[in-house]
Structures are given as C-alpha cells and as structure tokens.
Engineer: 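This structure is in structure tokens; I'll ask about it shortly.
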Amino acid sequence: MNQEAWKKVEAAIASSKDLTIKDMFAADPARAQKYTLKAAGWMLDYSKNRIDSSVMKSLIKLAEASNLKAEIEKMFTGKKINATENRAVLHTALRNMDPKARVNVDGKNVMPQIRKVLADMGEFATSVRTGKHRGFTGKKIKYIVNIGIGGSDLGPAMATIALAPFSKRSIKSFFVSNIDSTHLAEVLREVRADQTLFIVASKTFTTLETMTNAQSARAWLIEKLGDKKAVAKHFVAVSTNADEVSAFGIDVKNMFGFWDWVGGRYSLPSAIGLSHMISIGPNNFKRLLKGYWKMDKHFRTASLGRNMPVLLALLGILYSNGYGAESYAVLPYEQYLSRFPAYLQQLDMESNGKAVTKDGEKVTYATGPIEWGEPGTNGQHAFYQLIHQGTRLIPCDFIGFCKTHNPIADHHDKLMANLFAQTEALAFGKTAEQCRAEGDPENLIPFKTFEGNRPTNTLLADALTPETLGALIALYEHKIFVQGVIWNIYSFDQWGVQLGKVLAKNVLDDLVAKKAKKLKHDSSTNALITHYRKVLGRDA
Ligand code: G6Q
C-alpha cells in the first residue's frame, strides 16, 4: 500500500475523528445527496459512513497513488495480472456484449470463442428446457444436478436461488459439492435417474470432491438404468480440461469449455453457469450478463470519485486499515439472496486473503477482511445485537429492492422499513436523554443507550432481476479488485486452496492403508488417524 498516500488518509481520519456521523449529518443538510450515487440499476447511499470531504479526498488520492486506472485497464485488456499463475484475468470479456469488441490474450482475440460457447450453451439449455434433449429411456429431463465445488458451485447455486422467479419451475436444480456422501445421497433421493441431467463442473477436472461425487453419481445412474450407454445422455461436462473429461467417459462433444483466464470464483458468466442457464433460460442468462456488463462499463469509465466499486473498496479500506475493523457484514433484505453472503465470502476471502505483496514481501497492514451475513430480518433476531452494542466495529452493506416478486399484504413495506430503520439506528444511536425521555429507569440507561456512529452502506435497486443481480456481482468483484490493487497483493491466485487439495491426499493414504503404517505426521494428526482406524476396525 502506498504509505505516503495512506499517511494522508490517517491524518484526515485524525482531524475528523471527534465528529460522529450524527454531527456530520447535522452540519450538512445535503449530505445524503452528496454521498449517493447511481450506476447500472443500483443506487448506493454511502452517507452513513465516517467520512467527510477531506477523508474522501485522501482516499481517492490513495487510489490514484496506486495507479488504479492503469491497473483497471490492464485487467480489461487481458494483461497477465495474475502473475503467480502467469494468466490474464478476463471474466469481464465473458459478458462483453459489444459485437465489435476485441480482447487479446497472447495476441489472439478471445471474443469469438466466448460467443461460440455461449451459443452452444444456449442451444443445449433450450433443448433440455423444451424436452428435445431426452434421457436414455426417452423421458424429458426434470432434474439438473450440478456437481462442482468452490467456484464451480457457489456462483450457479447462489444465482439459481436468486433468480428463482425467472426459472422454469418444472425443472428442479440441485447442487452437490461436499465430498460428504450425505450431500450426494440426499440429492439422489430427490431425483429419478431417467429424468436427471448431471453437469460435472470443474475447471481442472481433477478436484477430489467433484471427481468422487461424479464417479458415484455415474455408478448410481448406470445401476438404476442398467446400461453404461445411458451416461452419454445424462452427463455433460464443463471444464478447461478435455483430456480428463474424456478419460472420465464424457464425450468431449458434450463438454462446454472455458479458459485458464477465468478464475473459478469469477466463473458464473462462463460455461460454469450452464446449470443456471438451464434454470432461467438463455434469454434471462443474457440479461444477467448485460447487468454485469453495465457495471463493468461504469467501473472502467467513471471517475474514481463517482465510481461505485471504487467507493465501496475505499470505504472498506477506511475501516479495515484506518479503524481496525476485522470484518464486514453483507445483509440482503431479500430472501432470494440468501446465498449471496456465502458467495461473496469466497469471492472476497479467497481473492484478498493474502499476506504477501506483489514483490514477495510480508505485508505490514491488514488485507482481506472477513465477510459474513444473513438475509434480513433473520439477522436482526440473531447477531445484530453485537453490531449495535458490541465492542467491535462492523461496517455493514444493506441490500434491498423497492419491489418484491411476491407481494403479500404489507410484508414488503415492513421488510424495507426494517432495513431503513436499522441503518438509521446504527448511524444515530440512542442517547441517555432519549432513554430518559422515554421513561427508562436510571439503572437501565447504560444498557439501553446506543452510541451509534456505526457505518453502513445502503444499496437499493428497483427489483431483483437478472440485470440487477449481474450488476451486483460485478460491483463486488470490482470492489475486491480495487482493494487488491491498493493493498498491492495478487487477488487472482489461491495457493491456500491448492494446499488443501494436496494435504488430504497424504492423510487419505494413511486412513485407507491395508496395514497400519508408521505414521509420519505430527503426534496429534497421528493419534487422530490411529483412533479413526481403530473405530473402523482397520487395525484389529
Ligand atoms: C476458485 C478456486 C476454487 C475452485 C475449486 C474447484 O476461484 O480456484 O474454489 O473453483 O477448487 O476447482 P475446479 O473447478 O478445478 O474443480
């Protein structure tokens, strides 16, 4: 992080630190308008933050000192900014709807292959939805089971719940990710083999969980339908690895490809979105991409001070690095976004959970925050207590929609009233005087006062649609990118995930060895392995 620019942010924070959010609202009647911005179908009200003009100016200067504009261009134009894997980072090309767009990787325009895969996906999704593609026994497909994990699961799983109002309800989607056999077993109880399409989604097609689940699903299907040839009609693959796909037994003509410049957690708009496309249809999938694209264009062209992802990123840095906040909460007041916080968890924590700068030095400041959340109003009856009155600072993003897909009586007004009221209470608190005026006894005043000054952003859209969902995802993707640039870390690799993939393999060998071996782990791991083998009678 540029230390000179960061020191100026600290100085700006210090000079305004005696002013609360409440004071700042009192001093400026136009504050809400000043700190509200619209882009790609979203309105961001960031006025309830600990900011004034000088803090904002210093934060923008920090972004400038990090060459942010140039870094954004590097990403959009296919430079190999994922240097530890020597890869370009081009999820933005996947949703570039400009028919004249050219985006080169190693001198080759990638747009034609993106369009070709999208067209193939559209054709296949339509044939499943219309019943043209049938199962081995001639039945229509009624169940889609996506088998994938991490980036090959969370995006389509989240989006399929989010856009359920746009889905074909006669087709039911399931997502199997965990290697825990319970996950697969419970899904198989819900489906019929002759009407199920399995989509094996794996960039590498070597991931232990996915391959194990896919093999077991394949064995189940063959057993149920009594013929190996059934696999061809009931299994398709989404991968970058054609060799492994055909080694698994899926004909590569039933494979939808993508490329190494699409990171797993950024891959929903690629072929990884196939299960989602079957659910909502190619036209709605296109609308989703359009929403992403709108936010992409805003991010690429808007000035830093009027740029929604940049502002969210800078506010996050203000609290992480300026106030020591360790986490932030994302609180969607929309049941359809129930998986959005979990999706964001991977996007943010896998991208910016790094402690080494691009120069290979240990960072000397906090980087990726812990992200968490639940849909409102459930969270209010659970963890909001700590946000209101706990000792930790937890900045929150409140997300809401003016219209609901399911108007029943006055539910939606009540839902939104809760959203707005929470941001109000967090910012303005409740003083001892207010408590007294309400007749609270003196001994309870310390417990019933709320100090307020707790920062929130409010993100509002008219309605949850494919477009607004796409734009919302892109908003957070780019926010995370900006933070990575400012923290000078690589946001697009994930060596921590790779480590897990190797470690389990070593332990598995010891768990299943025919005869107990001399274990070579630490004494704790050795004892756990020995205990497990004993319970299962493997060393009897
Ligand atoms: C995402 C990560 C990780 C990845 C999974 C699945 O950015 O790289 O979550 O998506 O490990 O990997 P495969 O798609 O290769 O099975």
Side-chain angles (χ1 to χ4, degrees), residues 75 81-92 94 117 145-159 175-180 183-184 198-218 235-248 250 255-276 339 341-354 368 371 473-474 476-481 483-484 489-505:
M75 174 169 74
I81 59 170
N82 176 3
T84 61
E85 295 181 312
N86 193 29
R87 289 176 183 170
V89 174
L90 273 180
H91 42 275
T92 52
L94 299 169
V117 172
V145 179
N146 187 83
I147 300 180
I149 195 165
S152 301
D153 165 74
L154 285 160
M158 174 278 290
F175 293 84
V176 175
S177 52
N178 200 336
I179 200 163
D180 183 337
H183 202 177
L184 179 64
F198 291 95
I199 300 176
V200 186
S202 175
K203 185 171 167 179
T204 54
F205 232 73
T206 54
T207 305
L208 180 75
E209 292 88 340
T210 302
M211 290 305 110
T212 307
N213 280 322
Q215 292 290 2
S216 301
R218 188 174 182 272
F235 272 79
V236 297
V238 176
S239 187
T240 58
N241 191 342
D243 293 345
E244 289 292 338
V245 168
S246 62
F248 177 86
I250 296 176
M255 165 180 154
F256 299 86
F258 61 118
W259 308 275
D260 72 357
W261 37 261
V262 181
R265 55 196 172 276
Y266 296 85
S267 65
L268 171 63
S270 74
I272 288 291
L274 181 63
S275 56
H276 184 49
R339 291 292 287 161
Y343 170 75
L344 266 192
Q345 225 160 42
Q346 180 191 28
L347 199 64
D348 201 338
M349 293 163 73
E350 205 166 273
S351 297
N352 286 342
K354 314 284 166 65
E371 188 277 332
I473 301 170
Y476 279 96
E477 285 179 349
H478 298 322
K479 169 202 165 177
I480 292 162
F481 168 81
Q483 293 189 328
I489 55 177
Y490 286 119
S491 300
F492 297 103
D493 59 15
Q494 55 284 315
W495 298 105
V497 183
Q498 317 300 353
L499 173 72
K501 291 185 181 182
V502 179
L503 288 182
K505 168 96 186 59

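Excluded from the calculations below are hydrogen atoms, water molecules and symmetry mates; all remaining heavy atoms, backbone and side chain alike, are included. Order of appearance sets the numbers: ligands from 1, and atoms from 1 within every ligand.
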Engineer: Relative to each other, are the rings of F198 and F235 parallel, tilted or perpendicular (30° and 60° limits)?
Structural biologist: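 Rings of F198 and F235: parallel, under 30°.
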Engineer: Apply side chain to side chain contact (heavy atoms under 4.5 Å, CB included) to V176 and N178, showing your working.
Structural biologist: CA-CA 6 Å; V176 175; N178 200 336; over 6 Å; no
Engineer: Parallel, tilted or perpendicular for H91 and Y266, by the 30°/60° rule?
Structural biologist: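 The rings of H91 and Y266 lie parallel, inter-plane angle below 30°.
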Engineer: With sequence neighbours left out, which residue pairs that include part of residues 257-272 fulfil the salt bridge (charged side-chain N to carboxylate O under 4.0 Å, His left out) condition?
Structural biologist: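 Only R87-D260, R265-E350 qualify under salt bridge (charged side-chain N to carboxylate O under 4.0 Å, His left out).
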Engineer: If the criterion is any heavy atom closer than 4.0 Å to an atom of ligand 1, which residues make the list?
Structural biologist: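 Residues near ligand 1: I149, G150, G151, S152, S202, K203, T204, T207, G264, R265, Q346, E350, Q494, V497, K501.
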Engineer: Would you verify whether the NZ or CZ of R218 falls within 45 degrees of the ring axis of F248 while also being under 6.0 Å from that six-membered ring's centre?
Structural biologist: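 Flagged: R218 positioned over aromatic ring of F248.
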Engineer: To check you understand the geometry: which heavy-atom pair defines the closest contact between E209 and I179, and what is its length?
Structural biologist: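 Scanning both residues, the minimum pair turns out to be CG-CB, 3.6 Å.
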